[in-house]
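Here's the structure we're looking at; comments come further down.
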Amino acid sequence: MLLPRFEYRHATSLVQAATLLAENPEARPLAGGTDLLVDMRERRQQPRLLVDISELPELSGIALEDGAVRIGGGVTVGELLASPLVAERLPGLHHAAHDFADFLTRNKATLGGNLANASPGADLVVPLLVLDARVTLGGPGGARTLTLDEFLVGPRRTALRAGELVQSIVAPVFGGQQFWYKLGLKRGGAIAVVSVATWLRLDAAGHCTAARVALGAVGPRPFRAMDAEATLMGGPLTPDAIARAADLAAAAAQPITDVRGGSDYRKAMVRALVARGLSQALNGH
Amino acid sequence: MRTIEFTLNGERARVSVEPHETLLGVLRQKLAATEVKSGCERGDCGACAVVLNGKAINSCLALAVQAAGRSVVTVRGLGGADHPHPLQTAFIELGAAQCGICIPGMLVSLYAFLEAQPRATRQEVREAIGGNLCRCTGYHKIVDAAEAAARHLVSLEPRS
Amino acid sequence: MSKPGGHPPRFRIVGERAPRPDARDKVHGLLRYADDFALVGMLHAKVVRATRPSARLVKVDTRRAEAVPGVRCVMTAHDVPNNVLFSDVPGQTTAVGPLRARTQVLADDVVRYLGEAVALVAADTEEAAEAAVRLVAIEYEDLPGVFDPEAALSPDAPQIEPTGNVISRWKIRKGDVETGFREADVVVEETYRTPLVDHAFIEPEAGVGWLDENGVITLRVATQVIEHFRDVANVLGLPHSKVRIIAPYIGGGFGGKEDVTVEVFLGLLVWKTTRPVRLCYSREESILSPTKRHPFIMKYKHGAKRDGTLAALEVELISDAGGYAYLSPLTLLYGIVHAAGPYRIPHVKIDGVSVLTNNPPTSAFRGFGSAQPAFAYESQMDALARALGMDPLAFRERNFLHKGERLASGQELETAVLLAETTRRAWSALGPKRQPSGPGKRIGRGLASALTAYGRIVWLHDWSSAWVELQMDGTVLIRTGVPDIGGGQAASLVQITSELLGVAQEEIAVHIGDSALTPLAGTTTATRQLYMSGSAVHKAASELRATLVAQAAELLNVAPELVELADGIASVSGPAGKQVSFKELAAACARSHRPRSSFAIYQAPAGQVMDFETGQGKVFPDFTFGAQAVEVEVDEDTGEVEVLRLAACYDVGQAINRNSVEGQIEGGAAMGIGYALLEEDKVAAGITVTPNLMTYLIPTALDVPDVTTVILESGEGMGPWGARGIGEPAMVPTAPAIANAVFDAVGVRMTRLPITPERLWRAMHAAKVD
């Protein structure tokens, strides 16, 4: 099937791209195109204008700034995976990039695209949620920064306003124990049935001084299981505590039944995988 | 309609395209580059893989206009009958091709991957072709051939 | 291979890892497949397909479609001269009695499955054709549909054919199962289910058709059967000579390009427009509408004695034929003959029924009805072994048939039966058992042994033909109508010829797959080509060899027995050094009026039609015996199954090309892994919900392990030098081996494929609750 007809503009600056997008409500930004062009081919989206943002300098780069890793929205998943900085400082994100789709898709798909698409199972969003990542949106009037939570409004809905693009993500470097698991139906390039990211910091006595649990593909958007996190905070990380947290995480999940899996299975997988992540932290400490 | 120019396997290509035409469609139908295969048109199978500006990508998900001023390499750009790429030689010798329809895309992915990382493990080779579906071979001889080619490429590296 | 003691090798090139002649063009991107072909003035065609699974076509309005600029032609059922395709046995000229099956070319009045073709469009551009498709307005009246084969058996179900939904019944009777079960000490009874599966070849159905300078409708299409030219001619009401089918190298077939797909649509449009026409299915179209693998429901009841011998077997097979019969009756016949597996069972009762539903139509797919029963009987064998407290390998060996014994259908196993050897070798090739990779993981091992028929059913009087010629420049030419679907069909013929004539492969050209210009060789199906065309080429090349040897003997003035052919030279053995090149031989033949070519027809030994009342008789020419063993790791928390190792051992009779044999086994095992763990074409109320390769999952390079292949060569196959077929047998044992390994790992018997993580998790969870 052919793509529907549209006009195309290649943007050379963020301001130019944002202006074009703001002035044309039926325009869409084209980054990697791995989601957008498929949607267009299958007529789920038919924008009249595509603004090519794949070469905007303002969206590029991965750098360590003030103890945090700043990643441009135009950075491809392949570049994420190849980055020693991400591998060392953000191992959960590195792991998610490794499991993301396949080699060919990773060379095109972008971090900003994955965020802006806001799929319920967005692979890169889940590990970023446990890291208190912040999203900077660049628009015609300038930039503004939100938490990832504020950015994700609902299924395939974000806080992006007309003309705004995901300019960069900043993830503080926390150390601690980061865990990521994507349960898919096959090993090469699967869509998530359930994805789980956890992050813990334990003190010398084995007590949790910080705990984050994020879930993907089990709700309208990726989210943190706050009750699970709260039950871990301050206490010793024991098998009982882990089981309690896993139960609370499963209770917070609201999965649907679809072609990839049943809702009760997904809930059970949340419990199992959260427990696994937390147990790995316990053993690794 | 606009006219774009790019290099295709090292040669200058010049073609009129519309924005909605994919790189895959233009390569096959306007530039007679039928070595680039179409298997799904939505990035699921890897049969259409080409190297665009140094990166192996699915050409069904690239617009032709995005190739303007860039370099596109297909399987025909890896080498030729007179000077085949070590991957091509290994694929022939080790019997890696059966029906062959996945092979152009497979070779493009491996070529791009080994250019960057010739010292890959067998598992990493499998990951490099994780987006190239094959229904005939079970991937076994393809991975064998990729490893053989990688060893050859490493042996060709200048001693530093 | 050389024997110890310094004997010369038996073969020059047979059995070697000879690079295939077609490999070069494939790796350089020079080979042109069906869609890599364009002609000036070529139109682009699209098929308009039904969006309901069971409906009456109240109105098909094409006026707006015809008005789209650039649209040249819109055709519906009333434009088709003879709107029927027969699909009993493709490519054969022998009537097959009660197995006639028919489909509509374009739906007229009623559609029986979602995706059935209703209209054809041809336009100057693909864009215009797509626009026209959207503008064909179809008014449907939904009819009650039936989507479950068991429900379809009921007389209350909507009747898809006026004569009822049952299109085929077969049975086998041997001994008396009541007696057998009375004598049994343990009985294992279970129902097994296998899913609807897609061929998922990477090349979708495609082709280009045109009218040649002689008014012949020429169709260059991805097909396993060039004999479909007859079907197209019949639909058009034309003489057979007015349709020609050319099969280029095909990007995968597996049985999915065996029935007519694009051929008849291209024929119609070329006939109507007189323009060249191109048609290429989208992936969604390929998954949606052409035929698939039959889902089988298999009810098995085995009885065995304490001494480990099988006492009785009762089987009921139900196959879902979908909206049209296609090859369902034959597939079911394969099913019942293979249903007992390679085992000695004194009392057997097998019943099979194939039933129409409004699901996607099902037909030929690698294994052709032998893969589904293997999942059942090999799972049963493991269950029986455990019930008896016996080792699964030892239990099988106790019951394996031997050469000279008979299947439950009465057919004697006339060639070497290496069941025990292949099973033992596959099992031991797994090597030392691995340790689990982490907590909550379990390792399990399983094996499965199978027999799979190769060669066509014996009462179909199969034949093949080939022409081998010495050219005036000393090179050799082969012409034969074999479609090459990737298994090295053409390459084997070059290798056989090279062996017999002593000419290097590089000096041999092969022309294949042209119904007008190459002698017909029959279909590339049923794992028959190496046997049949290999034999035809062997015969032709042998006859040519004899001619050349006689000619050389004259030229060299020696007795023919002293002439050797090697390296394109005819020489006399010994120090005399007299020789003559093939080029000189060709000239000499021309002078002495000796034919430089040989045409041979190979006719398979034919047999009588089996007794359909008792299900007794010889059905297949021969079988390939083999086994696969797997080691898996199961994640107890998630139900994920990873195949860590796979070992396969087959008796291939005589390997012609060692790389090709291994490649078929490695590829078959991968397809088997997909069948076991990943693949299901999910259909809900007749509507496919897995329409693309993102939702219909086939194995990637990360889903399959390295495969260890052990090849045994008994030399007792029906093909050249005793070769057997391997294409279909390669994927039959994998799924049951995996199911058995899963049981070994976590103690749960999975009776339904695919074994997805969720299904396994549910089964483990239920097991724990109990």
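To find a chain, count down the sequence lines: A is the first, B the second, and so on, and within it residues start at 1.
For B:L107, the part lying under 4.5 angstrom from a heavy atom of chain C is the side chain only. The parts of C:A200 that come within reach of chain B are both its backbone and its side chain, each placing non-hydrogen atoms under 4.5 angstrom from that chain. Heavy-atom distances place the side chain of C:E127, and not its backbone, under 4.5 Å from chain B. For B:L94, the part lying near chain C is the backbone, with the side chain staying farther off; criterion is any non-hydrogen pair under 4.5 Å. C:I485 touches chain B through its backbone: at least one of N, CA, C or O sits under 4.5 Å from a heavy atom, while the side chain does not. Of the atoms belonging to B:S38, it is backbone heavy atoms, and not side-chain ones, that fall under 4.5 Å from chain C. For C:F37, no part lies near chain B; criterion is any non-hydrogen pair under 4.5 Å. Contact of B:R28 with chain C is made through the side chain alone, with heavy-atom distances under 4.5 Å. Only the side chain of B:I103 comes within less than 4.5 Å of a heavy atom of chain C; its backbone N, CA, C and O stay farther away. When heavy atoms are compared at a cutoff of 4.5 Å, C:I665 does not approach chain B at all.
Interface remark: of the candidates C:H28, C:R283, C:E284, C:H28 forms the most heavy-atom pairs closer than 4.5 Å to chain B. Of all the listed residues (B:A128, B:G131, B:A81), the one sharing the greatest number of non-hydrogen pairs under 4.5 Å with chain C is B:A81. Heavy-atom pairs under 4.5 Å with chain C peak, among B:E35, B:R122, B:E41, at B:R122. Ranked by heavy-atom pairs under 4.5 Å with chain C, the first of B:Q88, B:Q29, B:E127 is B:Q88. Of the listed residues (B:E93, B:Q123, B:R42), the greatest number of heavy-atom pairs within a distance under 4.5 Å of chain C belongs to B:R42. Taking C:G667, C:A206, C:C280 one by one and counting their heavy-atom pairs under 4.5 Å with chain B, the maximum is reached by C:G667. Per-residue counts of heavy-atom pairs under 4.5 Å with chain C were compared for B:G80, B:A47, B:G43; the largest is that of B:G80. Note: C:N659 leads C:V704, C:N659, C:D25 in heavy-atom pairs under 4.5 Å with chain B. In terms of heavy-atom pairs under 4.5 angstrom with chain B, the leader among C:A670, C:G487, C:G29, C:A18 is C:G29. In terms of non-hydrogen atom pairs under 4.5 Å with chain B, the most contact-rich of C:R32, C:R20, C:E126 is C:R20. Ranked by heavy-atom pairs under 4.5 Å with chain B, the first of C:L31, C:I250, C:T700 is C:T700.
Geometric assessment of B:R135 against the ring of C:F201 yields a negative cation-pi assignment under the 6.0 Å and 45° thresholds. C:R293 forms a cation-pi arrangement with C:Y675, by the criterion of a distance under 6.0 Å to the ring centre and an angle within 45° of the ring axis.
For B:E11, the CD atom counts as loosely surrounded, since its 6.0 Å shell holds 12 or fewer non-hydrogen atoms of other residues, nucleotides or ligands.
No donor-acceptor pair closer than 3.5 Å links the side chain of C:D681 to the backbone N or O of C:Y696. Side chain of C:E728 to main chain of C:G367: a donor-acceptor pair is present (N/O by atom type, distance under 3.5 Å, no hydrogens or angles). Side-chain atoms of B:K37 do not come within 3.5 Å of backbone N or O of B:C102 as any donor-acceptor pair. A donor-acceptor contact shorter than 3.5 Å links the side chain of C:S492 to the backbone of C:G488.
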- Apply side-chain contact (heavy atoms from CB on, under 4.5 Å) to the pair B:L133 and C:I698, showing each step before the final yes or no. CA-CA 8 Å; B:L133 296 180; C:I698 70 171; 4.0 Å; yes
- Message: Show, in sequence, the C-alpha distance, side-chain angles and deciding distance for C:Q628 and C:Y650, and conclude whether the side-chain hydrogen bond (donor to acceptor under 3.5 Å, both in side chains) test is met.
- Response: CA-CA 9 Å; C:Q628 291 184 15; C:Y650 284 85; 3.0 Å; yes
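The aromatic rings of B:H85 and B:Y111 lie perpendicular to each other, with more than 60° between the two planes, well past the 30° mark.
Between C:D706 and C:R645 there is no salt bridge, since none of the side-chain N atoms of the basic residue sits less than 4.0 Å from a carboxylate O of the acidic one. Taking the charged nitrogens against the carboxylate oxygens, C:E16 and C:R658 have no contact shorter than 4.0 Å, which rules out a salt bridge.
Residues C:I656 and C:Q495 come closest through the heavy atom pair O-NE2, 2.8 Å.
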